[in-house]
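Notes follow once the structure below has been shown.
Sequence positions, counted from 1, serve as the residue numbers for this chain. Start at 1 and go down the list; that is how both ligands and their atoms are numbered.
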Amino acid sequence: MSQAPVTRFAPSPSGHLHVGGARTALFCWAYAKGRGGKFLVRIEDTDQKRSSGAASVGFLKDLAWLGIDWDEGPEWGGIGGGPNGPYFQSERLGTYDRLLRMLVDQGKAYWAFDTAEELEARRAEAKAAGRAYRYDGSAQMALPREAVERMLAEGRPAVIRLKCPPQPITIRDEILGEATLPAGEVDDFVLRKADGFPTYHFAVVVDDELMGVTHVLRAQEHFNNTAKHMLLQDALGFRRPSYGHFSIITNPDGSKMSKRDKDKLLRKTVTDRKLAGPPAGTVPPERWSAWLGDKNAQLDFAEANALAEALGIQLPEINVDDFRRSGYLPEVLCNFLALNGWSPGNDVEKFDMQFMKERFDLKRVVKTPAKFDRAKLLSFNCDAITGMPRDEFLHRARAHGEEFHPQFMARLAPAQFEQLASASQERSKTLDDMFRTNRFIVTADDTLAWERSKNVEKALLGPAPSGLDHVAALVPALESVADWSPASLEAAIGAYAAVSAEGNLGKVAQPLRVAVSGGTVSPPIFDTLAILGKQSSLARMRRCMAAFGR
Ligand code: GLU
């Protein structure tokens with residue numbers, strides 16, 4: 001096809017944008033953009049029960065965050081619009097109805113009044129006789145036109161079905177190759193549901209044509225639908241787009257990456273730790289045992305997050321928004337997602353969106369499922385963060401903190417935040433790390449509690465001079481430090497260690513870290529003290545001594 005390609009991403013907005021969907025969008029985007037074409041977004045919200053307006057906005061926001069912008073589609077944040085709208089299928093009902101009427105008038109489709117019970121009975125009959133069930137529309141097609149009109153006027157529930165010619169259908173897929181369905185495999189499927197909405201099959205075919213889509217690139221689960229879509233294109237006299245279907249992305253064990261993975265981890269943690277009931281403010285007690293006992297039960301988003309937070313665990317990310325909250329960078333996520341099913345060759349693994357546009361090609365897309373390697377994603381993210389200019393890190397970490405940790409941010413002065421971020425960059429695998437691991441910084445001095453772990457005890461207790469002895473001796477030593485900067489603190493503490501710890505700074509730094517943070521992990525100790533400030537640092541050291549019996 002010599003024409004510049006037009007691709008589209010057409011999500012049904014229920015829930016959140018899954019990484020699999022994001023990868024489909026990315027591939028569609030790269031394919032079109034790299035060939036001077038157009039990438040379009042269309043919201044397939046004709047399933048009234050499953051779609052929600054909020055979810056559509058969430059999808060658009062996730063795409064925009066990833067840097068996958070659309071040339072045509074819903075207007076959002078300065079992106080979108082276009083001559084072929086509206087881009088929400090629920091706003092295109094008039095168009096579908098017009099074409100449906102045309103098909104019925106031409107005798108290519110027909111009204112069918114079968115009730116759910118009648119269809120069920122026929123299905124059961126076929127099953128009992130050991131036959132594959134195929135819808136038989138002969139009785140409905142034989143209804144005289146006047147009878148049809150009368151029943152419709154009476155408001156009898158009815159659907160419109162396509163008259164499918166009994167012919168073999170060959171699907172040509174640019175990724176999967178060719179497959180032929182024998183004649184009669186596709187029965188007269190529904191184009192318009194009894195609620196007046198078009199089915200997915202009808203709306204997708206109509207919109208792809210009217211929006212000028214040349215390449216339908218989508219998830220493999222739709223491969224079998226393609227035969228139906230081709231029959232419809234023929235009935236409507238539409239052009240045939242090219243097709244390509246992407247394999248799924250799975251967990252490393254081959255299981256589907258699903259929201260359930262979060263519940264699975266939560267249930268396992270709760271069981272391993274033998275929790276008697278839900279931590280306060282997480283899951284309502286009356287639902288706790290039912291959730292715990294049913295491996296298919298799911299907590300809602302807020303409950304799952306609250307429970308994970310109370311347990312101090314990180315939930316597996318599944319949707320784009322989960323990765324964003326966890327502090328992954330959009331450009332890293334795109335790079336990594338692209339490698340799930342495609343590779344540019346020559347062992348090139350790290351690339352940006354520009355490279356994707358220039359190099360993405362269906363020929364190098366694999367047919368087999370891609371395994372999602374979280375460790376690799378984390379290492380890509382870590383490389384990108386640690387390699388980023390300091391100012392950029394400050395800027396991105398601040399934006400992340402303001403969005404996801406507003407209370408943390410509100411308790412820090414701008415200078416303190418900069419100090420913390422500067423001290424954290426080198427050790428950050430995600431933008432979230434510095435907030436998650438440094439809660440002690442924004443904990444009030446008089447509520448800081450000390451971990452009762454082996455490592456904490458090892459740092460503080462033991463033969464004289466113990467860690468706690470050093471902390472006690474450092475209180476007066478640090479009281480006299482006037483300029484509370486990392487450099488002055490280093491000088492004062494270094495001088496103390498030279499005299500009282502045989503010059504072994506580690507013997508002094510670790511007890512100090514525990515004293516001011518409550519645990520064994522913090523940014524470098526001089527930075528930590530500087531960020532906390534003189535008053536807080538000294539107050540914590542004194543409280544620590546009291547807490548351990550001084
Ligand atoms: N709305 C469909 C989905 O979300 C789109 C399928 C297609 O791309 O044709 O799976």
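- Annotation: side chain to side chain donor-acceptor pair (under 3.5 Å) contacts involving residues 327-342, sequence neighbours excluded, comprise E331-R396.
- Classification of the W288-W291 ring pair by plane angle, with boundaries at 30° and 60°, yields tilted.
- Listed by chain and number, R8, A10, P11, S12, E44, Y200, V204, R218, H222 each place a non-hydrogen atom less than 4.0 angstrom from ligand 1.
- Y200 is linked by a ring pair (Phe, Tyr, Trp, His ring centres under 6.0 Å) to H222, H229, counting only residues two or more places apart in sequence or in another chain.
- F372 is linked by a ring pair (Phe, Tyr, Trp, His ring centres under 6.0 Å) to F323, F336, counting only residues two or more places apart in sequence or in another chain.
- Within the model, atoms NZ of K268 and CD1 of I313 stand 10.0 Å from one another, a figure rounded to the nearest 0.5 Å.
- For the salt bridge (Lys or Arg N to Asp or Glu O under 4.0 Å) test with E403, the passing option among R324, R325, R398 is R324; the others fail.
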